[in-house]
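Here, residue 1 is the first one in the sequence, and each next residue gets the next number.
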Amino acid sequence: MKVTRIAYSERLNPGKYAALAEQARRLGRVRSEVWQRYGSIAGVGSGLTDRQVRDRWLADGTHIQFGVLANAWKETVRDAMADIAANLASAKVEIRRAITRRTNDPVGRKRMFTALKANQWASEPFLALQMRKHWKRGKSRTHDQIVVRADQHNTVADARGRLWLAVPGLQRRKMVRIPLSTTVAPTGTLRLILRGGRVEVHHQIDASRMRSSQRPCGQRTVGVDKGYTEALTDSDGGHHGSRLGALLTSESDRLKERNRRRAKLRSIANNAALRGNHAKAHRIMVNNLGTVKRDRRAARHRALVRTEIFTAVHRVVDKAATVVAEDLTKSFAGRKTLGRNVNRRLAAWTKGVTAEALTNVSERRGSALVRVNAAYTSQTCHRCGRLGRRSGDRFHCTPCGVVWQADVNAAINILQRAGDPDIALHTPYRVVKQILQDRTDRHRTRLPVQDSSPAIAGRRANHPNRSPMSN
């Protein structure tokens, strides 16, 4: 497994940065052209590989208009085609959910899943309709990146021990040398990202070389609930990443105040320009409305959040050989109307980073990650299975007469959901609610299970729905 590391330039010459920025701008045209031609189902020649695209451009002379070296635009084509493939894979996730909602026939599901996997959706009207719906025409506005092949760069240390990275420029055999703030030479294919006069060098290393990857995982099966105040809460009652909520809230409130002041300054600058005082407007724009410090502070905040989340996931994996987590890739719209401040803070909730950390850390440390349906895991009592009422960090179950810690209750429900034979990963939430209500009615009236078919009975026998804390 590979993980990405970032090295930064240090005191880079403005002339070198301008040359790299011009190269990135031209390569951005290459990336935009690839997305325009092949970035959707209607793209000319969609389904081609990056090598086939390069051969076509070499044959028809498309590459001449870009004005960059051959290796530079070829690597950009490869990178853009990989982005298109990822965009297609994301669309297929939504289409699989639509297939699950459409039919319960296992034969029909298997036929459509097979056609979708083989990219043969044109023969299936439903798949063709869903593909047109979810795989829309893409576009790329990325004009600040340069992809450098592994054999096209080199590093050297000077007499003071500072590391210099040499990458190709716009002219043949003319290298641009970048001073780095690290002593570890980046290897493999590099991605240079230009931001605010500084170059970020993204490179990958083998995960087995990291100290955290050599830590063994635990021996238990643990359910985890993703949250805002804490990054994770496990089914044992442990809270991990308790600083996450404070980090997100403080940064959100700071951004609100900063943007309010910037909007006022921008209004003053615009009014000065309307009055003809362009010097004043220029001074405000240059000295008060810059983006370099803003972007660097945002990068530091993102790094703090990622560190908090990854640390929390490591603590969970320390005791878990199997981690059961809810699948939150689908958006959920609640009935409750929230205030502006709450909506603004929740908009910064980094559940995507949490999902990435769970996948990354589990794979590196040898722990299994199981994703389950998240519907009603926060609104169901783990002891009796009845729907209850959640208020903040408390869950009220009237039949049990108990007030549970809400996140711990949700984590136990997630752990139970892993062995549930009736609720699959993509079961619609309305169906999940009906299943839970039917179970509650049978439990209250002490009736036997209504569906007594051999297949369902066998599944229930092989996959009992038990909780380690229900007793």
Side-chain angles (χ1 to χ4, degrees), residues 31-50 52-53 77-142 226 325-335 347 349 351-356 358-359 369-377 417-418 420-436 455 459:
R31 197 180 298 271
S32 298
E33 187 71 17
V34 173
W35 274 94
Q36 177 67 23
R37 295 192 183 188
Y38 312 109
S40 72
I41 192 172
V44 178
S46 59
L48 298 178
T49 64
D50 60 287
Q52 290 172 324
V53 173
V77 168
R78 181 191 60 77
D79 188 61
M81 293 298 290
D83 289 342
I84 292 173
N87 192 32
L88 174 60
S90 176
K92 286 184 177 181
V93 171
E94 298 298 328
I95 297 172
R96 291 190 188 97
R97 290 175 176 163
I99 294 173
T100 304
R101 291 192 298 265
R102 177 181 176 84
T103 177
N104 293 324
D105 179 21
V107 177
R109 280 187 180 181
K110 183 176 180 180
R111 185 186 70 252
M112 286 191 283
F113 283 148
T114 303
L116 182 66
K117 184 177 181 180
N119 293 332
Q120 297 175 353
W121 54 77
S123 58
E124 291 280 347
F126 177 74
L127 290 183
L129 175 64
Q130 292 296 319
M131 185 59 68
R132 289 194 298 270
K133 177 181 178 180
H134 294 288
W135 193 25
K136 301 177 181 178
R137 173 162 294 281
K139 61 181 67 175
S140 175
R141 298 186 179 90
T142 302
K226 305 171 188 175
E326 52 189 340
D327 179 27
L328 292 182
T329 57
K330 186 178 179 181
S331 60
F332 298 90
R335 296 180 180 179
W349 183 31
K351 60 183 181 181
V353 179
T354 306
E356 176 194 350
L358 283 169
T359 303
L369 177 63
V370 179
R371 295 182 178 87
V372 298
N373 196 318
Y376 295 99
T377 53
R417 191 65 61 84
D420 197 314
D422 301 324
I423 302 176
L425 179 61
H426 300 308
T427 302
Y429 72 93
R430 293 186 179 89
V431 178
V432 174
K433 185 175 183 180
Q434 187 62 47
I435 291 172
L436 296 175
R459 283 198 302 167

Pairwise distance [atom1]([X]) to [atom2]([Y]) - rounded to 0.5 angstrom:
X	Y	atom1	atom2	result
M131	F126	CE	CZ	11.0 Å
N373	E326	CG	CD	10.0 Å
F113	K92	CZ	NZ	12.5 Å
I423	Y429	CD1	OH	15.0 Å
M112	R96	CE	CZ	13.0 Å
I84	L48	CD1	CG	10.0 Å

Is there side-chain contact between [X] and [Y], with at least one heavy-atom pair below 4.5 Å?
X	Y	value
N104	R109	yes
E94	R97	yes
E356	T359	no
R31	D83	yes

Is a side-chain N or O of S32 found less than 3.5 angstrom from the main chain of S140, in a donor-acceptor match?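 A pair under 3.5 Å: yes.
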Between T114 (side chain only) and K110 (backbone N and O only), is there a donor and an acceptor less than 3.5 Å apart?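 Side chain of T114 to backbone of K110, a donor-acceptor pair under 3.5 Å: yes, one is there.
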Nearest non-hydrogen partners of D327 and A374, listed with the distance: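 Smallest interatomic distance, heavy atoms only, reads O-CB, 3.9 Å.
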R111/E124 salt bridge by N-O under 4.0 Å criterion: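 Result for this pair is yes, salt bridge flagged.
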Plane angle bin for W135 and W121 - parallel if under 30°, tilted between 30 and 60°, otherwise perpendicular: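 Plane angle over 60°, so perpendicular.
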